[in-house]
A.B. asks: 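This structure is in structure tokens; I'll ask about it shortly.
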Amino acid sequence: MGKTIQLSGLIILLATMLWPAGLHAQDMRPHSILVLDQSDRLGPFYYQVFVGLRDAVSAHGHAPTTVYTESLDLNRFGGEAYQDGFRRFLEEKYRDRPIGVVIAVGAAALELAIRWRPQLWPGTPIVFTLVEEADFKRLRPPAYVTGGIVTLKLKDAVLAARAVVPDLKTVVLVGAGWDRQVLFRNWKDQAAAGLPGLDLIEIIGRPMPDVVEQVAALPDHSVIIYTGLYSDGKGNYYPPSEALAFVAAKANRPIVVAAETFLEPGGIGGFVIVPSLIGADAAQRALRILDGEAPENLPPSMIDAVKPIFNWQQMQRWNVSEASLPQGSEIRFREPTFLEKYRWRAVALAAALLVQTMLIAFLLHERYMRRKAEVEARNRLSQLAHSNRQATAGELSSSIAHELNQPLGSILTNAESAELILGSPTPDLQEVREIISEIKRDDLRASEVIRRMRSLLKRAPFEKKEIDLNQTMQEAFDFLKLQASARNVAIYLQTSPQTLRVQGDPVQLQQVILNLVVNSMDAMGKMPYGRTIIGRTEVDGGASAVISICDSGPGIPPDRLNEIFDPFFTTKEQGMGIGLSIARTIVLAHSGQIWAENQSGGGAVFHLSLPLAA
Ligand code: ADP
């Protein structure tokens, strides 16, 4: 009984010791991953595998996971001694660093990881990636191993080659010896089986100088399919993407490739394996195991890491259209169009041009409107001036009638006298001649009165020419003389001794003078006597001519001296108040000035200054 109790106690003790420990083996796995690359991790392809892996680990974020990396570099180093040395190195290096999952990149790395596991990482699951289907079948890894299997088919590469060269006749395989190949080893058999309807040239396992020479002289309708070159055959090793750059520099045909990292150094593209995808797949499997899943529950599976991707620049070089590529193809290294490249600059430029165009249109429109307004204003002015002149003429009509009556009366008298003389038996023909010449003179006087009247009433467009201001003034005063005497006004004119040449419209300027003189006559209308008007012309400082009209009237109230020029300002019962405003407009149109003053001895004086013609 005691023994039984002892035994069962031992079993329970063992069970409690082992059972939870078994459970915890998965739960308590150290959160660390050792990545074992079969090649040099700094080569572009393996580096991209690592980038995909690291990004997936960083994105995981449940618990911080340490990632260690080791490159076996089996392309350049090999043999039992090297491998054993490497194993011992790992043993030393990771003595105090427990590993949760080993990730083997490549079939050769997987083989070594399986072999080293009992010694280095007992009980640790292994995740593989970059293992080709045939290698996977050959290795038949045990249950603690899982991973993503990749397949690259020569037939896909040929499909891409046909897309690149539609009338394809020859496929040229370029690469290292088949036994050195990692992913393309199985293409050896596929190539040996032949490519239906196509000739095949194999430049496989040749030293680099041979390869470069041969690819420079390939037949028409051929495409190179590049697998990977690792050395120049003289002990110099390089990543296969670098070797591709040498080949591409010399090749006279496009190069179809099967790895994403072969696009940039000169591959035109094809169904390429994307290394970051396989890195990410391995990381996800490793993380699930670290999170507690058993590797047996994550069986190895094929992964979809092959995509049709093409290099736009190579497509341009070999004249390959986008339409001929396999469906769903991605295009890389496309040069941005002008608009894509300079989008914002182009938009800014277009906006600036638009604004400028609008501004120009606006300015042109404004100029047009201003011109129109100017023409309208001038028309209105000449219309107003015309009606103002008509009004003045109306005022002056009585004196005009009088002025005409005089010559007409003397013509009649002279004609009657001539008749009488001619009726006598001995007519004095000399006297008749004198009478006739008087008749002619009177007739000329009458027609002169009519001419002046007509010119005053003529509605002519504003027109400047060089005139003598003295003469203009004289004509206006002659015209006003009769009116002045009818209104009992003494009128005098003092012209300057020298001629006053100005650019002006004589009709318009005479109208100004008439307005000023008639205004003076009006102002003096209520004075019983002493109505006097004096007109003057003189030179002012050599640059302008000044006309002054003085009267002996009451003058202008000082606070109205400016106001009187405003349109419709009048103090007269029948006044319109436009005479002075028109006068000012006419003077301004002559680039002159007009102003009024009161004389110290009484009466108003109006000055009108005009620039002298050069
Ligand atoms: P209107 O003669 O129809 O009144 P004007 O524009 O010719 O219009 O004159 C405006 C006003 O200026 C006159 O009503 C008058 O009050 C004043 N004025 C013009 N000339 C004289 C002057 N020589 N003396 C006094 N006042 C004057």
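As the structure lists them, so they are numbered: ligands from 1, and atoms in each ligand from 1.
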A.B. asks: Considering V518, T571, D551 one by one, which has a heavy atom nearer to atom 23 (N) of ligand 1 than any of the others?
C.D. replies: D551
A.B. asks: As a quick check of understanding, evaluate salt bridge (Lys or Arg N to Asp or Glu O under 4.0 Å) for D443 and K440, giving each step before the final call.
C.D. replies: CA-CA 5 Å; D443 183 83; K440 266 166 80 183; over 6 Å; no
A.B. asks: I'd like to check whether L580 has a polar contact with ligand 1, where a contact means an N/O of the residue lying under 3.5 Å from an N/O of the ligand.
C.D. replies: yes
A.B. asks: So between A583, A604, G555, whose heavy atom ends up nearest atom 25 (C) of ligand 1?
C.D. replies: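 Closest candidate by heavy-atom distance is G555.
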A.B. asks: Quick one: look up the protein heavy atom nearest atom 2 (O) of ligand 1 and list residue, atom name and how far away it is.
C.D. replies: K572 NZ, 2.6 Å
A.B. asks: Looking at non-hydrogen atoms alone, which of F568, F569, F606 comes nearest to atom 21 (C) of ligand 1?
C.D. replies: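 Checking each option, the heavy atom nearest atom 21 (C) of ligand 1 is found in F606.
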A.B. asks: Please tell me if atom 14 (O) of ligand 1 is touched by the protein, where touching means a protein heavy-atom distance below 4.0 Å.
C.D. replies: yes
A.B. asks: Of S581, G579, G577, which has the heavy atom at the shortest distance from atom 1 (P) of ligand 1?
C.D. replies: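 Looking at heavy atoms only, G577 sits closest to atom 1 (P) of ligand 1.
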A.B. asks: Which ligand 1 atoms does G575 reach within 4.0 Å, using its non-hydrogen atoms?
C.D. replies: 3 (O)
A.B. asks: Within less than 4.0 angstrom of ligand 1, does P554 place any heavy atom?
C.D. replies: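 Contact absent.
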A.B. asks: Looking only at protein heavy atoms, identify the closest one to atom 26 (N) of ligand 1 and say how far it is in Å.
C.D. replies: I556 CG1, 3.6 Å
A.B. asks: Give a yes/no verdict on whether any heavy atom in G553 is under 4.0 Å from an atom of ligand 1.
C.D. replies: no
A.B. asks: So for ligand 1, is A523 a polar contact partner (N or O within less than 3.5 Å, distance only)?
C.D. replies: no
A.B. asks: Could you tell me if any non-hydrogen atom of F565 lies under 4.0 Å from any atom of ligand 1?
C.D. replies: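 Per 4.0 Å heavy-atom rule, F565 does not contact ligand 1.
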